[in-house]
Asker: 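One structure follows; several queries about it will come next.
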Amino acid sequence: MDYINMTYEEALSHAPKEEPARQYYFIERYKEVLDQLKASSGKEQFTFHIATFGCQMNSRDSEKLQGILEAIGFVGTDTEEADFVLYNTCTVRENANDRVYGRLGYLNSLKKKNPHMMIALCGCMMQEEKVVAKIKQSYRFVDIIFGTHNIFKLAELMYERLEEKKMVVDIWEGTDRIVEDLPTDRKYSFKSGVNIMFGCNNFCSYCIVPYVRGRERSRSPKDILEEVKQLVADGVVEIMLLGQNVNSYGKNLETPVSFAELLTQIDQVEGLERIRFMTSHPKDLSDELIEAMKHSKKVCKHLHLPLQSGSSRILKVMNRKYTREQYLELVEKIRAAIPDISLTTDIIVGFPGETEEDFNETLDVVKKVRFDSAFTFIYSKRTGTPAAKMEEVPEEAVKNRFDRLLTEVQKISSEVCGRDEHTVQKVLVEEVNDHEKGLLTGHMSNNTTVHFKGDSSLIGKIVDVYLDESRGFYYMGTLRP
Ligand code: SAH
Ligand code: SF4
Ligand code: F3S
């Protein structure tokens with residue numbers, strides 16, 4: 001295009017081969033493009049909007065994508081009426097996909113009004129061939145499609161799009177690379193996710209994640225520790241270590257390191273106050289990890305331990321590699337070591353072949369463990385997974401079971417969440433409550449939400465709060481001096 005000093009070919013021939021230098025180069029090139037666009041259009045600023053679907057991995061990826069857009073000179077905005085709109089998608093259940101298709105039509109109407117607008121799609125959904133084919137055919141106004149393995153390439157792909165004049169599609173099937181040290185912008189100044197591993201090797205029979213996120217890759221402890229120290233120097237007090245199965249961290253490193261060892265090293269970072277992690281697979285949760293959690297002052301009193309089903313028969317077909325008894329024993333062991341720990345879980349209802357008896361076993365585990373909270377999901381068929389070939393449970397039975405499970409989960413949750421009423425607890429102040437003026441909202445170590453009166457200057461600080469009243473899933477409290 002005429003507003004670029006160099007053609008894409010010229011720019012390409014000058015681009016460094018190695019990363020991340022190559023991306024910094026394209027950030028600079030796009031910056032020049034933006035400056036010229038501003039001059040020619042008279043617009044003072046060019047805006048971007050990122051919509052993130054799915055899990056914490058995607059949220060963290062979005063912070064990296066945001067960092068790149070800001071480095072180029074785009075300014076973030078809350079609305080989709082922006083010059084660059086990016087959807088970071090999830091495909092774990094069908095309804096996540098439907099939401100994206102639903103919103104694309106609206107984006108097209110916005111694009112017709114703004115000649116500068118670009119629309120980009122990335123994330124897990126884009127790793128599916130049939131999705132990309134559908135977008136190429138029915139959503140031709142999309143400018144850029146990329147996947148989960150090459151988010152670091154955003155600036156290069158945007159630059160390429162300017163020259164190409166047609167949809168740029170760059171999806172990698174897999175990768176063994178981890179590109180570090182690109183700009184990121186955190187959503188919160190005081191807390192941050194930290195990727196410790198990418199991908200998943202477990203192939204639970206219902207789950208699409210291993211297909212769209214690739215094989216397990218762990219970052220080196222050195223890189224992780226450096227990132228944590230840098231975050232703490234920037235004012236972060238709470239980190240969330242991220243991986244699909246953090247308990248198998250480090251197994252494929254040149255010098256293997258266990259997750260428990262990593263946790264113990266991170267525990268020693270001065271200035272860091274709280275450590276969380278997500279997600280733990282019950283099959284890999286070691287005694288060593290329980291010990292490390294028990295002896296750490298910083299690891300929060302919360303463990304998310306997805307159950308998926310309480311029936312050993314279904315667990316076997318799900319390829320979860322533990323039985324109902326092993327799960328219950330594990331819970332007992334954890335509670336014996338850390339009595340005040342809060343346990344949360346994920347449960348799938350209506351997995352193919354689930355009988356009333358299987359479901360009752362799930363209900364029974366829920367009653368025995370008494371989770372602080374549980375995310376309950378209706379089974380969603382994912383093409384390409386082994387379970388997709390299995391016979392589905394009739395919809396009506398699934399709905400009925402789902403409602404019964406939800407009722408039980410909520411009843412238990414409201415009973416157990418209130419156990420700290422009338423005590424003083426440490427709370428990380430996270431935001432001003434948007435429903436009630438003058439109230440702040442934060443989380444206890446065990447992740448329960450607390451609302452209390454206070455001034456916004458406390459945001460990012462850990463304060464003592466007296467828990468006056470439990471309201472089921474959260475507390476109303478009073479700030480202690
Ligand atoms: N790695 C994590 C989970 C990632 S996906 C783990 O193993 O625990 C988050 C949750 O989505 C899963 O725990 C599961 O409960 C749910 N889920 C995954 N695939 C699903 C599907 N096909 N249908 C319904 N729920 C699903
Ligand atoms: Fe999916 Fe299982 Fe991997 Fe979790 S452990 S991401 S449920 S395959
Ligand atoms: Fe969804 Fe991908 Fe996470 S499929 S749950 S965003 S890993």
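Whatever order the structure lists ligands and atoms in, that order sets their numbers, starting from 1.
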Asker: Using distance alone, decide if ligand 1 has a nitrogen or oxygen within less than 3.5 Å of any nitrogen or oxygen in Tyr206.
Answerer: yes

Asker: Looking only at protein heavy atoms, which one is nearest to atom 2 (Fe) of ligand 2, and what is the separation?
Answerer: Cys204 SG, 2.3 Å

Asker: Say whether Ser380, considering both its backbone and side-chain N or O atoms, lies within less than 3.5 Å of an N or O atom on ligand 1.
Answerer: yes

Asker: Is the closest side-chain donor-acceptor distance between Thr47 and Thr77 under 3.5 Å?
Answerer: no

Asker: How does Gln308 reach ligand 1, if at all, at less than 4.0 Å between non-hydrogen atoms: by side chain, backbone, both, or neither?
Answerer: side chain

Asker: Out of Pro210, Gly123, Cys55, Cys200, indicate the one that has the non-hydrogen atom closest to atom 5 (S) of ligand 3.
Answerer: Cys55

Asker: Is any NZ, NE, NH1 or NH2 atom of the basic residue among Glu332 and Arg335 found under 4.0 Å from an Asp or Glu carboxylate oxygen of the other?
Answerer: no

Asker: Of Thr279, Thr345, Asp346, which has the heavy atom at the shortest distance from atom 6 (C) of ligand 1?
Answerer: Thr279

Asker: One residue to check: Pro306. Relative to ligand 2, which of side chain, backbone, both or neither has a non-hydrogen atom less than 4.0 Å away?
Answerer: neither

Asker: Is the shortest distance from a Lys or Arg side-chain nitrogen in Glu430 or Lys191 to a carboxylate oxygen in the other one below 4.0 Å?
Answerer: yes

Asker: When you measure from atom 3 (Fe) of ligand 2 to each heavy atom in Gly243, Cys200, Cys207, which option holds the nearest one?
Answerer: Cys200

Asker: May I ask whether Gln56 places a heavy atom under 4.0 Å from ligand 3?
Answerer: no

Asker: At what distance is the nearest protein heavy atom to atom 5 (S) of ligand 1, and which residue and atom is it?
Answerer: Val92 CG2, 4.0 Å

Asker: Looking only at heavy atoms, is any part of Gln244 under 4.0 Å from ligand 1, and if so is it the side chain, the backbone, or both, or is it neither?
Answerer: both

Asker: If you measure only the distance, is there a donor-acceptor pair under 3.5 Å linking the side chains of Tyr87 and Glu80?
Answerer: yes

